[in-house]
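Heads up: the structure comes next, in structure tokens.
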Amino acid sequence: MADFYYLPGSSPCRSVIMTAKAVGVELNKKLLNLQAGDQLKPEFVKINPQHTVPTLVDNGFALWESRAIQVYLVEKYGKTDSLYPKCPKKRAVINQRLYFDMGTLYQSFANYYYPQVFAKAPADPEAFKKIEAAFEFLNTFLEGQEYAAGDSLTVADIALVASVSTFEVAGFEISKYANVNRWYENAKKVTPGWEENWAGCLEFKKYFE
Ligand SMILES: N[C@@H](CCC(=O)N[C@@H](CS)C(=O)NCC(=O)O)C(=O)O
């Protein structure tokens, strides 16, 4: 069983947990207390010099970056390729959504909310506009679409559902974006591991109370 270093509230950790559930892989979960600096301990830095969670160690093979872990789990353990199809065009769209999720959508969350939550800084209205722009883009991608990339559930939906649910607990109004809202309501029902994701979201919500 692969070791999985994680924190339940962490959005990228939750996306790996949901992917593992979808693939049917059991993870040997090892909780890291980031506030206590567990990730900076020499034994963890030896595994992941970037000292981030999620980190997977599969039979001695260490991997971090949540979206890379998602893809690895499907490619190594998936009984089918439906979560990350081999068709180059389908896969390209999934990759686009994954990079959008990391570089634009979740980045907009980090830029706006992290300084407020972790440094007690005032809200930056310019950073908020970037969140709105990212949600507009996602809303456009989802026009007439039940899923984020193609016509069935993929790792792109799972990564995006982890991010969007994090926005929800931060108090961002998702319902203003009709396509995102519709996709999200469906994703809650069809994404394996949604309940565990939501439990982690509620842990993260404590930072906003
Ligand atoms: N892009 C990375 C982000 C990972 C990340 O920044 N994780 C945070 C927790 S959500 C972390 O480990 N922070 C501790 C540190 O950087 O020392 C991913 O998707 O895995």
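We count ligands from 1, going down the list as the structure has it; atoms in each ligand are counted the same way.
The protein non-hydrogen atom at the shortest distance from atom 9 (C) of ligand 1 is L34 CD1, 3.7 Å. For atom 4 (C) of ligand 1, the closest heavy atom belonging to the protein is V53 O, 3.4 Å. Here the protein heavy atom with the shortest distance to atom 6 (O) of ligand 1 is T52 CG2, 4.0 Å. Looking from atom 10 (S) of ligand 1 to the surrounding protein, the closest heavy atom is S10 OG, 3.3 Å. The protein atom (non-hydrogen) at minimum distance from atom 15 (C) of ligand 1 is H51 O, 3.3 Å. Among all non-hydrogen protein atoms, the one lying nearest atom 2 (C) of ligand 1 is E65 OE1, 3.1 Å. Remark: minimum distance from atom 19 (O) of ligand 1 to any protein heavy atom is reached at S66 OG, 2.6 Å. In this structure, the protein non-hydrogen atom closest to atom 3 (C) of ligand 1 is P12 CG, 4.3 Å.
For K188 and E185, the salt-bridge test passes: some basic side-chain N is under 4.0 Å from an acidic carboxylate O. Between K29 and E196 there is a salt bridge, with a side-chain nitrogen of the basic residue lying less than 4.0 Å from a carboxylate oxygen of the acidic one. Between E132 and K129 there is no salt bridge, since none of the side-chain N atoms of the basic residue sits less than 4.0 Å from a carboxylate O of the acidic one.
Below 30°, between 30° and 60°, or above 60°: for F172 and Y177 the angle between ring planes is below 30°, a parallel geometry. The aromatic rings of Y6 and F4 lie parallel to each other, with less than 30° between the two planes, well short of the 60° mark. Under the 30°/60° scheme for interplanar angles, the aromatic rings of Y72 and Y77 are found to stand perpendicular. Relative orientation of the W194 and W198 rings is parallel, given thresholds of 30° and 60° on the angle between their planes.
Within ligand 1, the atoms closer than 4.0 Å to a non-hydrogen atom of R67 are 19 (O), numbered from 1 in the order shown. Residue Q39 has at least one heavy-atom neighbour below 4.0 Å for each of these atoms of ligand 1: 14 (C), 15 (C), 17 (O).
Tested against D101 for a side chain to side chain donor-acceptor pair (under 3.5 Å), the candidates S163, S66, S15 yield a single pass: S163.
Under 4.0 angstrom from ligand 1, there are no non-hydrogen atoms of L40.
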